Enquirer: 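Would you mind keeping the following structure in view while I ask a few things?
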Amino acid sequence: MKRRDAREIAFRLTYEMVMTGEFNADTKADLTRDADADSRAYIDAITDGIAAHGDELKAIIAKYAIDYEFDRIYKTDLALLYLACYEIKYTDTPHAVIVNEAIELAKAYSDVQSYSFVNGVLASVIKEIKAE
C-alpha cells in the first residue's frame with residue numbers, strides 16, 4: 001500500500017474521531033484489513049498520536065484558523081488539519097509532502113474552497129515550527 005493510501009485511511013479514521021469524539025477500533029480493523037505491516041504501523045502511529053496530542057493540536061488549529069470559530073470549521077477540514085498538524089509537528093515527513101497530501105484530500109473530500117483554507121492554516125503552522 002502506498003503512503004498516500006495509508007494517509008487517506010488515517011484521514012478517514014480521524015474524520016470519524018472528529019464526528020464521534022473517539023477512534024473506533026472496528027472501523028480501523030475494517031479499513032486496514034488489506035494494509036501491509038508498514039502501512040498499519042503508520043496508521044497506528046498517526047491515530048495514536050492524534051489521540052495523545054488532541055488538545056494541543058486543537059489549540060494549534062484554533063490559533064491559525066483566523067476568523068473561524070473552531071466549532072464552525074467543516075469537520076472534513078478539521079480532520080485534515082488534525083492529521084497534517086500532527087505530521088508536521090511529530091514526524092519527519094517533509095512539510096511540502098504533508099501540505100500537498102492535505103490539499104489533495106481537501107479537493108477530494110471537502111468544499112471547493114477548503115483546500116485554500118487548509119493550505120493557509122498549514123502554512124502558518126509550518127512558519128511557527130520553523131521559527132522554534
Side-chain angles (χ1 to χ4, degrees):
M1 174 179 283
K2 294 180 183 177
R3 176 58 57 100
R4 177 175 284 206
D5 297 329
R7 187 174 281 110
E8 185 172 357
I9 290 171
F11 159 70
R12 292 170 65 187
L13 291 166
T14 303
Y15 176 78
E16 183 177 43
M17 181 276 301
V18 166
M19 295 301 290
T20 66
E22 62 187 15
F23 285 102
N24 185 306
D26 293 333
T27 303
K28 184 186 267 188
D30 287 343
L31 292 176
T32 60
R33 181 174 299 121
D34 297 328
D36 56 55
D38 287 339
S39 295
R40 281 193 182 133
Y42 166 80
I43 293 164
D44 287 342
I46 295 296
T47 55
D48 292 348
I50 291 170
H53 299 282
D55 291 339
E56 177 187 6
L57 297 171
K58 179 179 178 178
I60 290 169
I61 295 164
K63 179 179 180 180
Y64 292 112
I66 299 168
D67 295 331
Y68 289 86
E69 291 180 39
F70 184 85
D71 294 335
R72 306 252 338 187
I73 297 172
Y74 289 145
K75 300 308 182 208
T76 306
D77 298 348
L78 195 53
L80 287 169
L81 290 169
Y82 270 110
L83 175 65
C85 287
Y86 175 79
E87 281 197 282
I88 288 167
K89 192 143 174 75
Y90 293 103
T91 71
D92 59 359
T93 305
H95 295 159
V97 172
I98 296 166
V99 172
N100 184 59
E101 294 287 326
I103 289 170
E104 291 303 315
L105 287 167
K107 287 178 179 178
Y109 285 95
S110 198
D111 186 70
V112 174
Q113 301 295 331
S114 288
Y115 75 90
S116 92
F117 169 72
V118 169
N119 185 47
V121 172
L122 296 179
S124 297
V125 172
I126 290 168
K127 185 177 180 180
E128 179 182 290
I129 297 291
K130 287 183 177 181
E132 292 177 352

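Reckoned from all heavy atoms, side chains included, excluding hydrogens, waters and symmetry mates. Please read these numbers as outputs of a predicted model, since none were measured by experiment.
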Enquirer: Return the set of residues passing side-chain hydrogen bond (donor to acceptor under 3.5 Å, both in side chains) with Asp36 (not counting sequence neighbours), or none when no residue passes.
Expert: Ser39
Enquirer: Show me the pairs that pass side chain to side chain donor-acceptor pair (under 3.5 Å) and involve residues 66-76, at least two apart or across chains.
Expert: none
Enquirer: Just verifying a value: how many Å separate Cys85 SG and Leu57 CG, rounded to the nearest 0.5 Å?
Expert: 6.5 Å
Enquirer: For Thr32, check side-chain hydrogen bond (donor to acceptor under 3.5 Å, both in side chains) against everything at least two apart and list the hits.
Expert: none
Enquirer: For Thr93, check side-chain hydrogen bond (donor to acceptor under 3.5 Å, both in side chains) against everything at least two apart and list the hits.
Expert: Thr91
Enquirer: How long is the span from the CG atom in Leu105 to the OG atom in Ser114, to the nearest 0.5 Å?
Expert: 12.0 Å
Enquirer: Arg40: which residues meet the side-chain hydrogen bond (donor to acceptor under 3.5 Å, both in side chains) condition with it, sequence neighbours left out?
Expert: none
Enquirer: For the residue pair Val121 and Ala65, what are the closest heavy atoms and their distance?
Expert: CG2-CA, 4.1 Å
Enquirer: Mind checking what makes salt bridge (Lys or Arg N to Asp or Glu O under 4.0 Å) contact with Glu128, not counting sequence neighbours?
Expert: Lys63
Enquirer: Taking salt bridge (Lys or Arg N to Asp or Glu O under 4.0 Å) as the definition, give me every residue that meets it alongside Asp44, ordered by chain and number, with sequence neighbours left out.
Expert: Lys28
Enquirer: Which pair of heavy atoms, one from Ala102 and one from Leu122, lies closest together, and at what distance?
Expert: CB-CD1, 3.8 Å
Enquirer: Decide yes or no for Ile50 and Phe23: does some side-chain heavy atom of the first lie under 4.5 Å from some side-chain heavy atom of the second?
Expert: yes
Enquirer: Between Tyr115 and Leu80, is any pair of side-chain heavy atoms under 4.5 Å apart?
Expert: no
Enquirer: For residues 81-108, which residue pairs qualify under ring-ring contact (aromatic ring centres under 6.0 Å, His included), counting only residues two or more places apart or in two chains?
Expert: His53-Tyr90, Tyr86-Tyr90
Enquirer: Rounded at 0.5 Å granularity, tell me how far CG in Asp111 sits from OG in Ser116.
Expert: 9.5 Å
Enquirer: For Asp30, give me all partners under salt bridge (Lys or Arg N to Asp or Glu O under 4.0 Å), at least two apart in sequence or on another chain.
Expert: Arg33
Enquirer: Which distance, rounded to the nearest 0.5 Å, do you find between the OG1 of Thr47 and the CG of Leu83?
Expert: 10.0 Å
Enquirer: Is there a path of hydrophobic side-chain contacts, each under 4.5 Å between heavy atoms of I/L/V/M/F/W/Y residues, joining Val125 to Val97?
Expert: no
Enquirer: Supply the atom-to-atom distance Ile98 CD1 to Ile103 CD1, rounded to the nearest 0.5 angstrom.
Expert: 12.0 Å
Enquirer: Are Ile129 and Ile61 connected into the same hydrophobic cluster when the rule is that any two of I, L, V, M, F, W, Y join if their side-chain heavy atoms are below 4.5 Å apart?
Expert: yes
Enquirer: Check residues 5-15 and write down every donor-acceptor pair under 3.5 Å in which the side-chain atom is one partner and the other belongs to a residue at least two apart or another chain.
Expert:
unit_1: Arg7; atom_1: NE; unit_2: Tyr42; atom_2: OH; d: 3.3
unit_1: Arg7; atom_1: NE; unit_2: Glu87; atom_2: OE1; d: 2.8
unit_1: Arg7; atom_1: NH2; unit_2: Glu87; atom_2: OE2; d: 3.0
unit_1: Glu8; atom_1: OE2; unit_2: Tyr109; atom_2: OH; d: 2.1
unit_1: Thr14; atom_1: OG1; unit_2: Ala10; atom_2: O; d: 2.7

Enquirer: Can you tell me which residue pairs pass the salt bridge (Lys or Arg N to Asp or Glu O under 4.0 Å) test with a partner in residues 45-61, sequence neighbours excluded?
Expert: Glu56-Lys89
